[in-house]
Structure formats: C-alpha cells, structure tokens
Amino acid sequence: METEEEEALSLSILSDPTLHQKHLSMIERLSNRHQTRVDNSLARRSDSDSNSPSSASAFLSRFSDSKRSIEAHIAQSRLAYPTDPSEVRSHLDSISASISDLEKLVAESSFFLPSYEVRSSLKAVSDLRQSLDNLSSELIPKKKFAFKNKASKRDPTTEPKQTTAEEKSVSVSTSHEKLVFQVRDSPGFRGKKGEILVENFKGSEIGEFTVSDLDSCEVKLIGSVRALFVHRLRNCRVYVGPVIGSVLIDEAEGCVFVMASHQIRIHNAKGCDFYLRVRSRPIIEDSSGVRFAPYCLSYEGVEEDLRDASLDEETGNWANVDDFRWLRAVQSPNWSLLPENERVQMVNISELGGGIEGN
Amino acid sequence: MGLLSIIRKIKRKEKEMRILMVGLDNSGKTTIVLKISGEDTSVISPTLGFNIKTITYQKYTLNIWDVGGQKTIRSYWRNYFEQTDGLVWVVDSSDLRRLDDCRMELDNLLKEERLSGASLLILANKQDIKGALNPEEIAKVLNLEAMDKTRHWKIVGCSAITGEGLLEGFDWLVQDIASRIYVLD
C-alpha cells in the first residue's frame, strides 16, 4: 500500500506542478539545514581553536562550579532529607541528572582539553556518582535485608559488615586489596626495584605469567608463554618471547617493551615505547605519548619459538594501532610511530646475565 | 497479557533468540563466537564496537551480539540490552587481578531491569591455560550463589581455543530460553 503510493508520488513529481513545487521546497529546506549545520560546526571549531587555553579554563571553572553545587546538594540531602520515599527518589533523580549533565559537558569539551584534565574530570564525575550511590542506598534502603541474609552465608570474612549498603561498598573496596585468591598467585615477578629479572620457559609447561609493581627493572622472558599480564611498571625494560595468547598491559610509565603476541591491549600507558609483532591490531586505551616500532628481539631459538607460536610472519600490524579513546578518522595524538633513527637495534637477551635473578 | 501472548506467538514462529555476549576486555568473547560458528580464530583484533553473528543451532536461529569489552566502550553495553533472551558473561579465568572488576561489572549488569528475564550463562573461559581458576572457584569469586533466586543461570568452564565446554554451555542456554519462550511447543 505504502510503496505503491510512494511510487505514484515519485512518478507524478515531474508531471504535477504542485508536487514539483513541494519537491523543490523540500530540497531547499534540506540544503538550508545542511548549511546551518556546517556553519554551526565551523563556529564551534573556530571557537575552540582560536582560544583553546581560555576555553579550557572556562571549562574548568564551569566544571568546578557545578561540581561544588552537586556536592552541596548531596551533603544537604544527607542532613535533611524529605521523608516521603517518592520525594526522595525524585530528589536523587534530579541530582543524578545534574551529574549526567556534568558528564556531558566533559564529553563535549574532551576534544580540546588536555588528557589529564579529561581524566581528572571523569574521575570527579565518577566520585560524584559514587557518593550519590552511597547516599541513595542510605536514604532508600532497598534490598538490604535480602542481601544480608544470603551474603552472610557465603562469605564469613565480611559477615559482620553486611548491615548497611554503604558499609557493604566499603567492605568490597577493602577486600579489593586482599582478594580471596591471593593464596594462589600466578607465576611472575612482583614488587622489585632496580633488578634484572630473567625467566626461561624453555622445556616447562606453558602457562600465564605476571609482571607487576616493578620500578627500574629489566625483565627478560625467554621462551613462550600462553598469556602475559603487565601491571604498574615504571622505568622498566621488558623483553618477551612469543606470547601465544594475549598480552594485557595496565599502568606503565617510561618503559620499553619488546614483545610478540597474538593480541596486545595497552591501558594507562604514558611515555612508553613498544617494539611489537602482533597478529591482530594492537589497541591502546587511556594512554598518551606511546610510540610503536617493529619487534627486535633475539635469543637462541627465538625463530623456532616464533614459528611454533605462528608469529614468524611480520604482518606490519605493529603500526596499525587502534586508540579506543580516539574514535575518529584523523591520527590519534596519543600514539605515533617511533622514528627509525631513535629505535634500538636488535636486543639480544640470551647472552647477558642469563638466569642470575630467576624468581 | 494480550501483548505478551502476541510477542510469544511471533517469537515462536521465527524461533529466534537474541543472545548478548559481554564481559571484560581480553576475556575471549569474539573468539568464542567465531569458534561456535566454525570460523578461523587465529587472527582476532580487540573488538572496537560490536559483531553480530547469526547461527542456526538445533531448530533455533541465534542472533549473537558480541560487544567489545574495553573500559571505554562498556558504557555502550546498555544499548544492546533490549529484548535479550540470553546473556553470556565471559570471564578470563587466568586474569586473577581483575576478578574484582569482573564481579563488579557483572553485578552492575544484573541490576539492569531490561535484562531481568534473560537466562545467564557464565563461561569461565581459558581453562586451557595452566593456572586458570576452575568454574567452582570463579563461581565463588563472583558470588553467584547470592544472585536473585528468580534468575536462571549456569556456569561452565570452557576454552575458546580448543572449543571444550562451549557446546555444553550453549546447549543449556538454548534449552533454558526455549523452555521459557516456547513453552507451548
């Protein structure tokens, strides 16, 4: 029915003068709209380009103003809140809406703000959310009882704490540090400073490996691993043989990584150089000042290990980095290719101090 | 009730199920989807956005939505909640450090009203890696026993690389959804 009508319409556009008129006016409207859109975006761009420092500071003052007002609202409602639950709810909703507005403001401004400001603003927003959550669980004690019942059976360590929702969130964040399964630490190097750490996986069963909380260390992993987790490294050099699964890097600063893997994910890295061979596209998230170059590691038997891990072929993917914080067609400002004259030569980890510092 | 029965009828005719795959980044969601649809799993980039796979499973058509798990894009998960019949939560059982994150994200997800009717399959992935926690341990860490009693859920250990456990998990999920939606068959 409808398609018939449409057909008839398009046929009669040329013949019927009134319809033709309509058609023309529609085209005109469309082009007008397009023009205004272009104008708007131009205006916005020039606005932010010409005076980005001042608009950044304008943003900051606006941000801190609304942040303070929201905090004041939250603090106020804690002292004197309405007793009617529906009123409480609408009050909380309005606070939540203003937090969302604030978040939107950050998002809109994110393209001209320095990344530090973006991060700290987002942190502030999530802190506000958190305190609003705490507030709402105080004011609207919903499933408190049900939770207490079940949880106390499951988890004896936090048993006495399950009385209010707020305390629960506290107990979660404290248990964060001493996770239930610290008992079974995965193999790895942890909490060292200024050391040379060497591990040779040749001939051992392949599993996962963790490198975390290191400062000014040199890490050499010879042979293949299934998965590699890297967490909180400063000023370290990390040389790794083939990783058959994936590498996950979180929080690294001023480090050099030489690694080969099927997948590589890089989070919260600052000022690091990566010499990679990857089968898929490496990704970065919340990172800045990271540079990429091709893999350049050698030790006795590295070729064979790479072949066994299906990593012998250079796919060139080390240069195809996806930045999850930069979903636009233009090159992300957060990463770049490492200029050839600044790259290190081949790193050989077999001859230097093999196995002195095993774990 | 009228509307519900109409929806039931439409669904019954199509025998379609909408399945949402979520979980932290690096848990192996895309690898699992490609493995069960019989595709090559050797080159998979981290998912920027989402993939949809339609596969025929027994007499049902599964529309599997595989949504990227990077922190930046987790907030977009909610765009995929509507009309989800089955929820698959994928865990990297070898990533001990982020199990707390994993639990919190799952808790948040299960608070979502639009997912309240969905069957929940938890895949404790990467069982092939030495040192990975087994499904019972994962269940403990995620505190699954404390979940809302009305939720249909199951945890299955699996390996997306070898394919082990995937059939068991999806069998349960499809049967469970079918028994809810296609009761009158």
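Heavy atoms only: backbone and side chains are in, while hydrogens, waters and symmetry mates are out. Note that this is a predicted model, so its numbers are computed, not measured. Just so we're on the same page: letters track the sequence lines, and every chain starts at 1.
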Does any backbone or side-chain atom of Thr41(B) lie under 4.5 Å from a heavy atom of chain A? Answer side chain, backbone, both or neither. neither

Who wins among Pro46(B), Gly49(B), Ser94(B) for the most heavy-atom pairs under 4.5 Å with chain A? Pro46(B)

Distance from Ile161(B) atom CD1 to Arg226(A) atom CZ, nearest 0.5 Å? 5.5 Å

So what's closer than 4.5 Å to chain B heavy atoms on Phe324(A): side chain, backbone, both or neither? both

Take a 6.0 Å sphere around NZ of Lys202(A) and say whether it holds more than 12 heavy atoms from other residues, nucleotides or ligands. yes

When only pairs under 4.5 Å are counted, which of Ile73(B), Asp25(B), Thr31(B) shares the most heavy-atom pairs with chain A? Asp25(B)

For the backbone of Thr72(B) and the side chain of Arg325(A), can you confirm whether one donor and one acceptor N or O come within less than 3.5 Å of each other? no

Looking at Asp250(A) and Arg98(B), is any side-chain nitrogen of the basic one under 4.0 Å from a carboxylate oxygen of the acidic one? no

Does the side chain of Ser246(A) reach to within under 4.5 Å of the side chain of Lys126(B), using non-hydrogen atoms? yes

Neighbour count >12 (heavy atoms, 6.0 Å) for atom NZ, Lys130(B): yes

Once you round to the nearest 0.5 Å, how far does CG of Asp92(B) lie from CG of Leu248(A)? 8.0 Å

How far does CZ of Arg97(B) sit from OG1 of Thr210(A), to the nearest 0.5 angstrom? 9.0 Å

When the 4.5 angstrom heavy-atom criterion is applied to Gln263(A) and chain B, the contacting part is side chain

Once you round to the nearest 0.5 Å, how far does CG of Asn320(A) lie from OG of Ser45(B)? 8.5 Å

Heavy-atom cut-off 4.5 Å, strictly under: side chain, backbone, both or neither for Arg265(A) against chain B? side chain

Rounded to the nearest 0.5 Å, what's the gap from CG on Leu48(B) to CG on Asp322(A)? Could you check? 5.5 Å

Quick one: which of Arg281(A), His267(A), His231(A), His262(A) has the most heavy-atom pairs under 4.5 Å with chain B, could you say? His231(A)

Measure Ser42(B) against the heavy atoms of chain A and call it side chain, backbone, both or neither at under 4.5 Å. both

Near Arg78(B) CZ, under 6.0 Å, is it more than 12 heavy atoms from other residues, nucleotides or ligands? no

Using non-hydrogen atoms only, which part of Asp95(B) is less than 4.5 Å away from chain A: side chain, backbone, both, or neither? both

